[in-house]
Trainee: 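Attaching a single structure in structure tokens format; questions to follow.
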Amino acid sequence: MPYTSKTAKTELHDIVSAGIAKNYPGSGISESDIYASMSVPKAEFGDLSSSICLRIAKVAGAKPQDVAERIIGDGQSSLGKGYIKELKNANGYINAFFDEKKYARDTLKSVMELKEGYGLSSMGGGKRVMIEFPSVNPNKAWHIGHLLNALIGDSISNILSACGYSVERENYIDDLGIQVAESLWGYLNLGNKPDKKFDTWLGEQYVSVNRMLSDEKVKKEIDALMKRMEEGGNEDSVKARELAERCVKANIETASAYRICHDVMMWESDIVRTGMLSEAMDMAVEKGAAARSDEGKYAGCIVVDLKKLKGIAKDFDNPNEESKVLIRSNGTATYVAKDLAFHMWKLGLLKGDFRYSKFLDSQYNGKPLYTTGSSGEDMEFGGAEIAINIIGSEQRYPQLILKSMFSLMGMRDLAEKLIHVAYGEISLKGGTLSGRSGGWMGSDHVYTADTLLADAKEKVIERAKESKKKVDAAEVADAVAVGAIRFAFLKTNLEKKIVFSWDEALSFEGNSGPYCMYTYARANSILERANVSSLAINEINFSYAERRYDFELIKAMGMAQEVVEKAAAEHRPDIIADYLIELSSGFSKFYESTKVIGSGEPERYRIAIVISLMQVLGNFMRLLGIEPVAKM
RNA sequence: GGGCAUGUGGCGCAACUUGGAUAGCGCAUCUGGCUUCGGACCAGAUGGUUGCGGGUUCAAAUCCCGUCAUGCCCGCCA
């Protein structure tokens with residue numbers, strides 16, 4: 001991993017920079033060039049390295065070795081003040097070696113003092129971020145694709161919070177969609193009674209109805225239902241909302257089981273009621289981003305002229321269509337229009353007269369969950385500086401249009417603040433997860449988030465029987481199962497499409513959640529045996545720091561802030577997952593090679609490492625929603 | 001037709017944004033390690049023309065051009 005402590009980087013930068021200024025003025029090397037040249041090499045090469053001399057050699061017409069020699073020579077006087085105690089020239093690379101005792105002391109001190117705050121960053125500066133996920137149609141149980149979305153959103157929320165952003169987690173509930181209309185029709189006409197978890201049952205009704213859509217009469221009835229739902233204020237619209245709310249309640253049970261939290265749910269039916277849509281359309285027309293079409297194919301519609309988007313993205317260079325419809329000729333709004341209005345509200349352009357009330361008093365994170373509704377109080381949601389949407393990459397084009405609309409309205413700055421975090425959709429081996437076909441209900445297995453968790457728990461309990469320590473399997477099954485699944489879903493780059501494998505998601509070995517949790521539990525055992533839970537810094541003799549596994553582990557702990565900042569900047573939970581493995585495997589090596597209890601004089605120093613490791617590992621596990629347990 | 005993404009040992013992935021030392025990790029396979037802080041572990045071995053072809057560079061998995069394969073998107077659906 002190319003991370004290390006920031007102060008050490010600054011230190012090396014200053015030395016190198018001074019050396020260049022003195023010996024190679026005019027070489028055109030900038031500050032960022034120097035930082036970019038740094039990397040963390042293999043341990044044998046040192047703790048931090050710069051390849052900048054290879055570049056300077058070129059412009060200066062000198063040998064890299066000679067360049068490095070001069071810079072290192074001049075740098076000697078700066079050594080010993082900070083972390084860097086020695087510089088070595090290796091074929092033109094400048095390799096810095098830290099004073100391991102000083103570095104160990106500062107890092108462990110920092111961890112033990114800051115505790116839960118260790119690794120946090122203030123880069124967000126309190127900026128308000130509204131992040132939307134998973135926005136599942138409220139008529140079915142979450143399948144593993146929805147779960148993936150929600151886990152990404154929840155984890156990115158945690159990461160952004162850890163970086164000083166003020167995060168608002170929002171779930172959009174499309175209770176006016178065709179899917180709810182179909183489920184409602186089934187509920188009213190099929191005569192089945194709920195006999196299982198409500199969302200699961202409702203999803204089954206939906207699939208049944210879908211198979212009946214070839215019947216024109218059914219289709220007509222559903223269309224009529226949908227229209228009444230949108231109009232509101234009638235028996236069907238009330239029924240639809242009731243149904244959707246029951247489903248959402250069941251969905252939230254799933255979310256809670258996975259420790260996924262939200263701050264607020266925005267219902268489409270409430271959005272429609274606020275009159276935001278017409279306000280948004282008026283603004284779009286006024287700002288010249290959309291216009292009423294009087295003739296031709298789109299007569300009577302409000303459309304966006306796609307030609308105007310030329311240059312904003314390659315997608316628009318040769319568009320298939322000339323226009324994108326916002327308002328249909330019959331006066332109804334398309335998805336893009338609704339989305340535009342909603343995002344204008346998110347970014348503070350529209351007033352949006354929402355009423356909020358509590359849906360849940362307390363979630364896993366201790367905070368309440370609010371919902372919009374016809375009654376309730378005024379609250380300060382929305383008006384965010386940054387709006388992030390967790391949406392599958394198949395929706396890239398509509399998301400791009402949405403973003404581009406802000407540019408068209410002359411608000412390029414807002415366009416920049418609308419971020420689509422795209423992820424590759426998950427698929428099953430030889431199968432689809434398509435909602436319409438009910439693909440999540442495979443013939444041999446039901447691929448819902450609920451069944452996955454149930455299977456995982458079973459496996460954990462089975463595995464816990466073999467555990468060397470006596471553990472109450474039922475007690476930890478929950479945490480370990482969630483940890484296994486969350487890690488498996490979050491460990492890879494979002495862009496990669498995942499072909500879901502049950503076995504892999506439930507993997508307990510190697511690069512897995514349980515491996516991290518196991519590491520934590522082992523560390524905890526040492527403290528229990530030593531009967532220590534905290535140490536005062538002045539009780540620790542850091543002269544026992546060695547250049548071995550102890551120092552490698554301490555260096556890993558020192559990376560924390562850089563890691564979380566990168567994960568936040570790039571919206572990538574997988575960076576945290578990688579880091580957890582780095583910490584865990586670092587500790588395992590230390591653990592196998594180094595005796596802690598009964599090691600005599602170094603014991604307290606080593607215990608300090610164990611305490612710190614647990615702290616850092618725990619802090620970062622929680623970013624991914626993995627709860628460390630003392631025993632497993 | 002156009003756009004976007006992906007392609008790295010048998011399998012799953014990392015490193016690519018910011019070019020830099022021997023391409024890193026896990027699974028699988030083979031060898032070794034529990035009377036000693038938890039074997040959900042550790043140590044070691046086998047396995048790679050980084051899809052292919054050009055180019056730029058002292059240096060390319062990384063940048064540029066071309067090409068192939070796979071997936072997704074391009075509606076008065078949501």
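Per chain, numbering begins at 1; letters A, B, ... match sequence-line order. Values reported hereafter were calculated over all heavy atoms of this structure, with side chains retained and with hydrogens, waters and symmetry mates removed.
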Trainee: If you check the A:E570 side chain, which of B:rC27, B:rC58, B:rU17 turns out closest?
Mentor: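 Taking heavy atoms from C-beta onward, the closest nucleotide is B:rU17.
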Trainee: Any chance the rings of A:F500 and A:F489 have centres within less than 6.0 Å?
Mentor: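 That pair passes the under 6.0 Å test.
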Trainee: Using the side-chain heavy atoms of A:S585, tell me which of these nucleotides is nearest: B:rA78, B:rA21, B:rC42.
Mentor: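 In terms of side-chain proximity for A:S585, the closest of B:rA78, B:rA21, B:rC42 is B:rC42.
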Trainee: Could you tell me whether A:K308 and A:E322 have a side-chain N and a carboxylate O separated by less than 4.0 Å?
Mentor: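 Looking at A:E322 together with A:K308, the answer is no, because their closest N to O distance does not fall below 4.0 Å.
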Trainee: If we take the C1' atom in both B:rG20 and B:rA60, what is their distance in whole Å?
Mentor: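 Pairwise C1' distance, B:rG20 against B:rA60, rounds to 10 Å.
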Trainee: When you measure from the side-chain N and O atoms of A:R396 to the phosphate of B:rG71, is any distance below 4.0 Å, counting only OP1 and OP2?
Mentor: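 No, A:R396 has no side-chain N/O under 4.0 Å of OP1/OP2 on B:rG71.
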Trainee: Looking only at atom C1', what distance separates B:rG19 and B:rC30, rounded to whole Å?
Mentor: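 It works out to 37 Å between them.
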Trainee: Cationic tip of A:R522 within the cone over A:Y591's six-membered ring, i.e. under 6.0 Å and within 45° of the normal?
Mentor: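 Checked: cation-pi criterion met.
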Trainee: Separation of A:I498 atom CD1 from B:rA5 atom P, in whole Å?
Mentor: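 Roughly 18 Å, once rounded to whole Å.
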Trainee: Please check if the number of heavy atoms outside A:E546 that lie under 6.0 Å from its CD is greater than 12.
Mentor: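 Check passes, neighbour count above 12.
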Trainee: Checking only heavy atoms, does the side chain of A:S329 share a donor-acceptor pair with the base of B:rC76 at less than 3.5 Å?
Mentor: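 Yes, a donor-acceptor pair under 3.5 Å.
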Trainee: What interatomic distance, in whole Å, is found between P of B:rU67 and the corresponding atom of B:rG24?
Mentor: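 Approximately 33 Å lies between the P atom of B:rG24 and that of B:rU67.
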Trainee: For the side chain of A:P514, counting heavy atoms from C-beta on, which of B:rU22, B:rA40, B:rA14 is nearest?
Mentor: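 Closest nucleotide among those given: B:rA40.
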Trainee: Can you tell me how far P in B:rU49 sits from the matching atom in B:rU62, rounded to whole Å?
Mentor: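 Straight-line distance between the two P atoms is 16 Å.
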Trainee: Taking only N/O atoms, report every protein-nucleotides 35-39 of chain B pair under 3.5 Å with atom names and distance.
Mentor:
unit_1	atom_1	unit_2	atom_2	d
B:rC37	O3'	A:R529	NE	3.2
B:rC37	O2	A:I597	N	3.0
B:rC37	N3	A:V596	N	3.1
B:rC37	N4	A:Y591	O	2.5
B:rC37	N4	A:T594	O	2.3
B:rG38	OP2	A:K469	NZ	3.1
B:rG38	O5'	A:Y591	OH	3.3
B:rG38	O2'	A:Y518	OH	2.8
B:rG38	O2'	A:R522	NH1	3.4
B:rG38	N7	A:S525	OG	2.5
B:rG38	O6	A:M632	N	3.4
B:rG38	N1	A:M632	O	3.1
B:rG38	N2	A:S467	OG	2.8
B:rG38	N2	A:M632	O	3.2
B:rG39	OP2	A:R522	NH1	2.9

Trainee: Test of understanding: with side-chain contact (heavy atoms from CB on, under 4.5 Å), list the residues that count as partners of A:I419, not counting sequence neighbours.
Mentor: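 Testing A:I419 for side-chain contact (heavy atoms from CB on, under 4.5 Å), a comparison that skips the adjacent residues, returns A:I386, A:I388, A:V421, A:H571.
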Trainee: Output the single nucleotide from B:rA14, B:rC42, B:rG26 whose closest atom is nearest the side chain of A:N511.
Mentor: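 Closest of the options to the side chain of A:N511: B:rG26.
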Trainee: With ring-ring contact (aromatic ring centres under 6.0 Å, His included) as the criterion, how do A:Y172 and A:F342 come out once you've worked through the C-alpha distance, each side chain's angles and the decisive distance to 0.1 Å?
Mentor: CA-CA 10 Å; A:Y172 175 79; A:F342 186 36; 5.3 Å; yes
Trainee: Taking only the side-chain nitrogens and oxygens of A:R328, find out if one of them lies under 4.0 Å from OP1 or OP2 of B:rC77.
Mentor: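 Looking at the OP1 and OP2 atoms of B:rC77, one of them is under 4.0 Å from a side-chain N or O of A:R328.
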Trainee: For A:E552 and B:rC42, what is the distance between atoms CD and P respectively, to the nearest whole Å?
Mentor: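 The distance from CD of A:E552 to P of B:rC42 comes to 16 Å, rounded to the nearest Å.
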Trainee: Which nucleotide in the set B:rA21, B:rG7, B:rC73 lies at the smallest distance from any side-chain heavy atom of A:K496?
Mentor: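 Nearest to the side-chain atoms of A:K496, counting from C-beta on, is B:rG7.
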Trainee: Would you check if the distance from the ring center of A:Y93 to the ring center of A:F45 is below 6.0 Å?
Mentor: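 When the ring centroids of A:Y93 and A:F45 are compared, they turn out to be at least 6.0 Å apart.
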Trainee: At under 4.0 Å between heavy atoms, what does A:D174 touch on the DNA or RNA strands: base, sugar-phosphate, or nothing?
Mentor: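 The residue A:D174 makes sugar-phosphate contact but no base contact.
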Trainee: Would you call A:E627-A:R486 a salt bridge at under 4.0 Å N-O?
Mentor: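 No salt bridge links A:E627 with A:R486.
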Trainee: What is the base-pairing partner of B:rA78, counting Watson-Crick and G-U wobble geometry with both distances under 3.5 Å?
Mentor: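 Pair assignment: B:rA78 / none.
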Trainee: Among B:rA21, B:rA40, B:rA78, which nucleotide sits nearest the side chain of A:A464?
Mentor: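 Looking only at heavy atoms from C-beta outward on A:A464, the closest nucleotide is B:rA40.
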Trainee: Please give, in whole Å, the distance from B:rG12 P to A:F508 CZ?
Mentor: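 For the pair A:F508 CZ and B:rG12 P, the rounded distance is 22 Å.
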Trainee: Between A:F620 and A:Y579, is the ring centre distance below 6.0 Å?
Mentor: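 Close enough - the centres of the two rings lie under 6.0 Å apart.
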Trainee: What I want to check is whether an N or O donor and acceptor connect the side chain of A:N493 with the base of B:rA15 at under 3.5 Å.
Mentor: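 For A:N493, whose side chain was compared with the base of B:rA15, there is no donor-acceptor pair (under 3.5 Å).
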Trainee: Would one find a side-chain N or O of A:Y298 under 4.0 angstrom from OP1 or OP2 of B:rC76?
Mentor: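 The answer is yes; a side-chain N or O of A:Y298 sits under 4.0 Å from OP1 or OP2.
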Trainee: Going by an N to O cut-off under 4.0 Å, is there a salt bridge joining A:E462 and A:K465?
Mentor: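 Salt bridge between A:E462 and A:K465, a charged N being under 4.0 Å from a carboxylate O: yes.
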Trainee: Sticking with atom P, work out how far B:rA15 lies from B:rG51, rounded to a whole angstrom.
Mentor: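 Between the two P atoms, the distance is 15 Å.
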Trainee: For B:rG7 and B:rA14, measure between their P atoms and round to the nearest Å.
Mentor: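 So the two P atoms sit 8 Å from each other.
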Trainee: What is the distance, rounded to the nearest whole Å, between atom NZ of A:K42 and atom P of B:rA23?
Mentor: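 After rounding, the gap between these two atoms is 8 Å.
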Trainee: Is A:Y397 stacked on the base of B:rG3, meaning ring centres closer than 5.5 Å and planes within 30 degrees of each other?
Mentor: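 By the stated criterion, A:Y397 and B:rG3 do not stack.
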Trainee: Using Watson-Crick or G-U wobble geometry with both distances under 3.5 Å, which nucleotide pairs with B:rA5?
Mentor: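 B:rA5 is paired with B:rU70.
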Trainee: What's the CZ-P distance between A:F500 and B:rC11, to the nearest Å?
Mentor: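 Spelled out: CZ on A:F500 to P on B:rC11 is 21 Å.
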Trainee: Write down the distance separating the C1' atoms in B:rA28 and B:rU36, rounded off to the nearest Å.
Mentor: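 One C1' to the other, the span is 32 Å.
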Trainee: If you only use heavy atoms from C-beta on, which nucleotide in B:rC76, B:rG20, B:rC25 is closest to the side chain of A:V325?
Mentor: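 Taking heavy atoms from C-beta onward, the closest nucleotide is B:rC76.
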Trainee: Could you tell me the Watson-Crick or G-U partner of B:rC25, where both distances fall under 3.5 Å? Say none if there is no partner.
Mentor: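 Across any shown strand, B:rC25 pairs with B:rG12.
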Trainee: Using the P atoms only, state how far B:rU31 lies from B:rC72, rounded to an integer number of Å.
Mentor: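 It comes out at 43 Å once rounded to the nearest Å.
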Trainee: Considering Watson-Crick and G-U wobble pairs with both distances under 3.5 Å, what does B:rC30 pair with?
Mentor: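 B:rC30 is paired, partner B:rG44.
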Trainee: What about A:S512: does its side chain form a donor-acceptor pair under 3.5 Å with the base of B:rA40?
Mentor: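 Flag unset: no donor-acceptor pair detected.
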